[in-house]
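We count ligands from 1, going down the list as the structure has it; atoms in each ligand are counted the same way.
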Amino acid sequence: MHSNVTLKEKKEDFFNMGKYEIIGEKIPNLPWEDRPKGSSDIVWRYSKNPIIKRNQIKRANSIFNSAVVTFNGKFAGVFRVDDKARSMNLHAGFSDDGINWVIEEEPINFIQQTRDPLISEYKYDPRVTFIEDRYYITWCNGYHGPTIGVGYTFDFKEFYQLENAFLPYNRNGVLFPRKINGKYAMLSRPSDRGHTPFGDIFYSESPDMIHWGCHRFVMSAGLTGWQSLKIGAGPTPIETSEGWLLIYHGVLLSCNGYVYSFSAALLDLEKPWKVKYRARSYLLSPQEYYECVGDVPNVAFPCAALCDAETGRLAIYYGGADTVVALAFAYVDEIIDFLKEDGVKYE
Ligand code: BMA
């Protein structure tokens with residue numbers, strides 16, 4: 001059954017009570033915990049992290065880098081599950097409170113809506129974005145190397161797969177939550193076959209979610225240490241009066257390997273390839289045990305953020321050490337102020 005949710009019902013143009021306007025849905029039941037007393041962190045962790053443990057379902061070796069959205073007044077998501085054969089796949093999951101999740105044992109079986117069957121050697125790092133009438137899923141799809149897989153669902157029961165957005169090699173495909181200048185819009189990060197030792201973010205647009213073009217450069221790795229090697233878009237960008245708030249991950253190459261942290265940037269609303277502000281400092285870097293110890297140490301990798309437009313509260317879902325899912329909180333206003341104070345401003 002297809003849901004009849006319309007853009008109007010889902011997204012109420014709402015002027016929030018804070019400093020900046022946020023265009024988005026109200027989420028009165030957003031998962032939330034106040035900033036710990038004495039902390040001045042702009043992004044703070046949930047005290048009961050990790051919210052999803054590595055062996056929460058029978059077949060899992062690890063569950064991490066996963067994406068959640070609001071769904072019928074509750075929450076649904078698409079989870080990265082690496083199984084005990086170490087195959088990487090996507091599973092649907094549901095939650096009443098955004099914290100306690102029931103993840104399906106079986107991977108999502110995408111119904112192909114492609115010209116002819118499209119192989120997916122693996123699927124990982126999903127993002128989920130509600131646009132118009134459905135939930136789109138983008139992920140890193142194994143097709144002769146990593147590229148951007150695209151699919152959609154109305155109900156998190158039946159999932160449909162479209163053509164890959166790009167040629168290999170590419171990762172971190174993230175859709176904007178509305179058409180921009182009449183076109184679907186996506187950020188992605190062209191790469192190579194392996195553990196890409198480089199990577200910049202680009203913008204592309206499409207009239208139909210199948211044919212992508214008008215590619216524009218957005219921003220490079222570099223600028224500061226935590227983001228010196230490569231960067232990639234994280235959650236679906238959030239529309240605000242100051243621009244699109246993009247949370248993105250950055251990678252530093254230490255003498256002990258890669259370190260994945262995340263921070264934020266503001267992109268122009270109508271020309272999102274134009275960066276307005278970009279953080280010098282990270283907002284969260286791997287420091288807690290579940291971020292530093294696991295299958296891949298020192299990784300905090302965000303794939304989703306729920307934002308309540310009324311209060312400006314943000315719940316950020318990120319993978320810890322390629323092993324578990326963790327949750328962190330922030331206020332959109334404070335991240336924007338942080339960007340204006342700490343960030344580099346571009347004309
Ligand atoms: C990236 C992706 C992510 C992963 C990260 C750290 O290249 O594969 O899924 O979290 O490496 O291993």
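Note on Glu205 versus Arg216: no salt bridge recorded, every NZ/NE/NH1/NH2 to OD/OE distance being 4.0 Å or above.
Nearest to atom 12 (O) of ligand 1 among the protein's heavy atoms is Asp322 OD2, 2.6 Å.
The nearest non-hydrogen atom to atom 1 (C) of ligand 1, considering only Tyr124, Tyr318, Tyr260, comes from Tyr260.
Taking the centre of each ring, Phe262 and Trp226 stay at or above the 6.0 Å mark.
Ligand 1 places these atoms under 4.0 Å from at least one heavy atom of Asp125: 2 (C), 3 (C), 9 (O).
For NZ of Lys179, the number of neighbouring non-hydrogen atoms (other residues, nucleotides, ligands) closer than 6.0 Å is greater than 12.
With a 4.0 Å cut-off on non-hydrogen atoms, Tyr258 does not touch ligand 1 at all. Residue-level proximity to ligand 1 for His195 is absent, since no heavy atom of it falls below 4.0 angstrom. Contact annotation for Asn65 and ligand 1: only side-chain heavy atoms (C-beta onward) come within less than 4.0 Å of the ligand.
A continuous path of hydrophobic side-chain contacts links Trp273 to Val275 [ILVMFWY only; heavy atoms under 4.5 Å].
For the pair Arg134 and Tyr152, the cation-pi criterion (under 6.0 Å, within 45° of the ring axis) is fulfilled.
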